[in-house]
Structures are given as C-alpha cells and as structure tokens.
Trainee: 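To start, I am sharing the structure in question, which I have written as structure tokens.
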Amino acid sequence: MVRYQLCTAMLLINFSPFPNLESDRIYLRQITPEDVNQVFEMRSDSETMRFIPRPLAKNRQDALNHIELITKGIMDNEYINWGIVLKGNEKITGMICLLRMQPENYRTEIGYILHPDFQGKGIMVEAVKLVIDYAFNVLKFHSLEAVIDPDNVASEKVLLKHSFVKEGYFKENTFYNGKFLDSVIYSLINPGKNN
Ligand SMILES: CC(C)(COP(=O)(O)OP(=O)(O)OC[C@H]1O[C@@H](n2cnc3c(N)ncnc32)[C@H](O)[C@@H]1OP(=O)(O)O)[C@@H](O)C(=O)NCCC(=O)NCCS
C-alpha cells in the first residue's frame, strides 16, 4: 500500500485541468455529449469495430452512456480519453485513450479508434505520437502496451511506426460474442529514462 502511494505520487496522475494536446494538424481535446453523433457513428460501424471486442452502439443513448463513462473515468483519474480533432473541423474524427493504468508498474495501455471517413490518412500516427509524449514525459510512465487483434494490420502498422515491439501472442485469451479470440501484445519502453 505504501509503495503504491509513493509510485502514484511520482506519476502525477491527475487529469484536472484536462490536458489538451496539439500537433501541426490535430488537436486532442475532451469528449463531451455534443460529440454524440460522431461517437455513435464510430461505435455503431461494424467494420470500424471489427477488431474491438465491445458491443456495437445500437443508438445515440448507447453513445451518450459511453461518453458519460469516459467522463467519469477522467474525473476519477482512472484513465484518460481524448477526442481527435483535425484543425479547421471541430467535429471529432476519432478517439484515443490511456487505459488499464498500472501505476505500481509505471505501465499503461493505449487504445484508439477513427471514424470510418478518416481512416487511412495517417491521422492516428500523429495522435499516438502526442499521447506517447504525454504518457512518458508528463505522466512519467515507463512503458506502454497495446493489445490488438492479430488481423488488425492497420493498427499494427501504426504501432510499428512508433517502434512498438511485438511481445507476445496469446491464443484464445479473450472470450467475446461466443468465441475465443487471439490477441497480440505490443509494447514500447520509455526511451528517455529509467524510473
Ligand atoms: C487502426 C487505425 C486506428 C489506423 O489509423 P489510420 O490513421 O487509419 O492509420 P494510417 O492511415 O496511418 O494507416 C496505417 C497503415 O495501415 C494501412 N491500412 C489502413 N487501413 C487498412 C486496412 N483496412 N487493411 C489493411 N491496411 C490498412 C494503411 O495503408 C497504412 O499503411 P502504410 O503505412 O503502409 O501506408 C484505424 O484504421 C481505425 O480506427 N481502425 C478501426 C478501429 C481499430 O481497429 N482500432 C484499433 C484497435 S487495437
């Protein structure tokens, strides 16, 4: 218990005020109920959700519930989720998050999704760069992991572009929709420092 408190104090996990991030082409900002249509379009699209073992949103209320859950997680400093905005277009084009934080191991997981209209344009590579910088240089995590479906070639390419390394292949370790699914774990060690 004492060790955990020491570690979390060092990690500075506090998302208030919300950390907006920015690169040349995109902003990462907090998702609000006004983003409901975009969130619904992403989470109800079976092709976009193909490799994400979560139920499809059936209606806008499901999307609103998702936004509410995200907002609570941020307020509780349990995880953080940003909306991805292309400069000049205030609608969110995607979402990116740090979840399943393990402060005691200085480790967290990264997850992301893009609206189908915006996939294949190199947007997620840019968003992931911002979140890696934030996770390592602001939150002071030591390592990041990503859990992907072995067939998710686009997601794997995004990770490899940021020098994530394939750490392991887990056979049938996820039970979803009546099927046992394989998953692959990639990880990235903070190149800048040792905690
Ligand atoms: C995975 C995802 C985030 C990638 O983001 P993106 O901005 O579209 O990625 P990029 O435009 O940089 O494309 C990455 C690479 O994958 C390729 N790619 C894109 N979509 C592809 C597809 N459906 N099948 C195969 N390759 C694909 C691109 O051509 C690119 O290849 P290149 O680097 O050789 O040019 C996005 O496609 C997405 O949201 N997918 C659905 C949700 C999802 O699977 N999230 C990840 C869960 S782990």
Trainee: Is W82 reaching over with its side chain to a backbone N or O of Y27, donor-acceptor style, under 3.5 angstrom?
Mentor: no
Trainee: Given the side-chain rings of F180 and F175, with only the six-membered ring counted for Trp, is the space between their centroids under 6.0 Å?
Mentor: yes
Trainee: Between E126 and K129, does any NZ, NE, NH1 or NH2 come within less than 4.0 Å of an OD or OE carboxylate oxygen?
Mentor: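 Salt bridge flag = no for E126 with K129.
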Trainee: Okay, side chain of D45, backbone of H115: is any donor-acceptor separation there less than 3.5 Å?
Mentor: no
Trainee: Please answer whether the main-chain N or O of E172 pairs with a side-chain N or O of D182 as donor and acceptor at a distance below 3.5 Å.
Mentor: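 Here the side-chain-to-backbone pair exists.
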Trainee: Run the salt-bridge test on K87 and E22 with the 4.0 Å N-O cut-off and return the result as yes or no.
Mentor: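 Salt bridge flag = yes for E22 with K87.
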Trainee: With the side chain counted from C-beta on, respond yes when R54 and R43 share a heavy-atom pair under 4.5 Å apart, and no when they do not.
Mentor: yes
Trainee: Consider only side-chain N and O atoms of Y79 and E109, and report whether a donor and an acceptor are under 3.5 Å apart.
Mentor: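 Short answer, no.
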Trainee: Is there side-chain contact between Y186 and I110, with heavy atoms separated by less than 4.5 Å?
Mentor: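 Sidechains of I110 and Y186: no contact.
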Trainee: Just by distance, do the side chain of T93 and the backbone of I84 share a donor-acceptor pair under 3.5 Å?
Mentor: yes
Trainee: Can you tell me if E41 and T48 form a side-chain donor-acceptor pair at under 3.5 Å?
Mentor: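 No pair is found: no donor N or O on one side chain lies under 3.5 Å from an acceptor on the other.
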Trainee: Suppose we screen for side-chain hydrogen bond (donor to acceptor under 3.5 Å, both in side chains). Which residues come up paired with N20, at least two apart in sequence or across chains?
Mentor: none
Trainee: Can you find a pair of side-chain heavy atoms, one from L130 and one from I26, that are under 4.5 Å apart?
Mentor: yes
Trainee: More than 12 heavy atoms of other residues, nucleotides or ligands under 6.0 Å from CD of Q102: is that the case?
Mentor: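 It does: Q102 CD has more than 12 such atoms within range.
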Trainee: Give a yes or no answer on whether the side chain of E167 reaches the backbone of I185 with a donor-acceptor pair at less than 3.5 Å.
Mentor: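 No, the answer is negative, given that no donor and acceptor are paired below the 3.5 Å cut-off.
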Trainee: Can you find a pair of side-chain heavy atoms, one from F170 and one from V147, that are under 4.5 Å apart?
Mentor: no
Trainee: Have E156 and N152 got a donor and an acceptor in their side chains that come within less than 3.5 Å?
Mentor: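 Result is no, nothing qualifies.
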Trainee: Taking atom CD as the centre, does E68 end up with more than 12 heavy-atom neighbours from other residues, nucleotides or ligands that are less than 6.0 angstrom away?
Mentor: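 It does not: E68 CD has 12 such atoms or fewer within range.
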Trainee: Please state whether the rings of Y134 and F15 are parallel, tilted or perpendicular, taking 30° and 60° as the class boundaries.
Mentor: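 Y134 and F15: tilted rings.
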Trainee: I'd like to know if R29 pairs up with D35 as an ion pair, taking the criterion as any Lys NZ or Arg NE/NH1/NH2 lying under 4.0 Å from an Asp or Glu carboxylate oxygen.
Mentor: yes
Trainee: Between G111 and L99, which heavy-atom pair has the shortest distance, and what is it?
Mentor: N-CD2, 3.9 Å
